[in-house]
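Just below is one structure, and these are the notes that go with it.
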Amino acid sequence: MEIIRVNNYQKMSEKACALLTDVIKTKKNPVLGLATGSTPEGLYQQLIEQYSNGELSFKNTTTFNLDEYVGLEKNDPNSYYYYMYEKLFKHIDIPTDQANLPSGVGNDLEKVCQDYEQKISQAGNVDIQVLGIGLNGHIGFNEPGTPFSSRTHIVDLDESTREANARFFNSINDVPTKAITMGINSIMNSKQIVLLVSGEKKKDAVARLVNGEISESFPASILKQHGNVVLIADEAALGNV
Ligand code: GLP
């Protein structure tokens with residue numbers, strides 16, 4: 001795992017943008033894996049800027065997001081669909097049908113999972129996957145204990161994850177208890193992975209990732225077995241690692 005140490009959040013976002021831009025410009029039909037959370041917001045702003053300056057087009061790009069809450073409609077301000085639309089999609093020229101998120105509503109979520117996997121492989125798999133990391137080492141919504149072999153599936157969210165994400169909701173009671181997420185194996189199938197980490201509160205997670213053993217009790221640790229992973233982290237998150 002290559003580690004790129006940057007001064008701050010802005011630099012992290014710029015580095016990540018450069019990696020994505022490279023894929024978007026060089027691939028005929030680029031496939032991006034996208035993430036939500038606070039961490040990639042700066043990256044999305046950078047991409048929008050490049051598009052607005054006429055340096056980038058997303059017309060031939062397909063995207064697959066990592067996850068979605070179960071039970072939240074697309075127009076719910078806390079759904080990840082809404083997040084992606086507001087923070088990226090509505091500002092760029094990506095055709096709506098090329099921007100994919102698993103749907104967290106419907107009667108047959110198992111089928112949603114299968115169809116999502118199929119769609120990713122039909123697109124030729126993800127060229128570059130953006131990831132954040134949860135305080136407990138989760139990637140996407142793959143909580144500790146998730147098998148490394150997992151594909152897109154429904155998960156019960158950890159209480160600690162619900163607490164960490166409660167800041168976006170009116171109260172913790174409104175945070176869904178389940179989510180649908182690409183599995184760890186689905187993520188590992190990406191050709192390249194960019195893990196973004198910023199801020200002191202992620203320090204312990206980064207130290208465990210870099211120095212700890214590979215274990216299902218810390219999902220992000222599997223990334224060390226991927227041949228093409230870049231961890232872009234700022235000073236605050238890296239500390240003395
Ligand atoms: C959520 C998302 C993850 C994200 C994590 C960290 O739980 N499902 O994909 O990486 O939060 O979020 P943040 O970037 O806000 O710290």
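Whatever order the structure lists them in is the order used to number ligands and atoms, beginning at 1.
- Between the side chain of Thr161 and the backbone N or O of Leu157 there is no donor-acceptor pair closer than 3.5 Å.
- The aromatic rings of Tyr69 and Phe141 sit tilted, their planes meeting at an angle between 30° and 60°.
- Of the possible polar contacts, none joining the Tyr80 side chain to the Asn65 backbone as a donor-acceptor pair under 3.5 Å is found.
- Residue contacts with ligand 1 for Thr181 are absent, since no atom lies close enough (heavy atoms, distance under 4.0 Å).
- Counting only heavy atoms of the protein, atom 16 (O) of ligand 1 lies nearest to Lys202 NZ, 2.6 Å.
- Each of the following atoms of ligand 1 lies closer than 4.0 Å to a heavy atom of Thr39: 13 (P), 14 (O), 16 (O).
- Close contacts between ligand 1 and Ile133 involve ligand atoms 6 (C), 10 (O) [criterion: under 4.0 Å to a heavy atom].
- Those atoms of ligand 1 that come under 4.0 Å of a heavy atom in Gly132, given as number and element, are 10 (O).
- With Tyr81 as the aromatic partner, Lys74 meets the cation-pi criteria of under 6.0 angstrom to the ring centre and within 45 degrees of the ring axis.
- Proximity of Tyr80 to ligand 1, defined as any heavy-atom pair under 4.0 Å, is confined to the side chain (atoms from C-beta onward).
- Between Lys201 and ligand 1 there is no heavy-atom distance shorter than 4.0 Å.
- Proximity of Lys25 to Leu56: side-chain heavy atoms (C-beta onward) are separated by under 4.5 Å at one or more points.
- The ring of Tyr116 has its center closer than 6.0 angstrom to the ring center of Phe64.
- Residue Asp67 touches ligand 1 through its side chain alone, judged by heavy-atom distances below 4.0 Å.
- At under 3.5 Å, not a single nitrogen or oxygen of Thr36, backbone or side chain, sits near a nitrogen or oxygen of ligand 1.
- Atom numbering of ligand 1 starts at 1 in the shown order; those under 4.0 Å from a heavy atom of Arg167 are 15 (O).
- Proximity annotation for atom 3 (C) of ligand 1: of Gly134, Gly37, Gly140, Gly140 comes nearest, heavy atoms only.
- Looking only at heavy atoms of the protein, atom 5 (C) of ligand 1 is closest to His138 NE2, 3.6 Å.
- Polar contact with ligand 1: absent for Ala35 (N/O pair, distance under 3.5 Å).
- Ile3 and Leu209 fall within the same hydrophobic cluster, defined by Ile, Leu, Val, Met, Phe, Trp and Tyr side-chain heavy atoms under 4.5 Å apart, directly or through other members.
- Side chain of Ser79 to backbone of Tyr82: a donor-acceptor contact under 3.5 angstrom is found.
- The local environment of OH in Tyr85 is sparse, with at most 12 non-hydrogen atoms from other residues, nucleotides or ligands closer than 6.0 Å.
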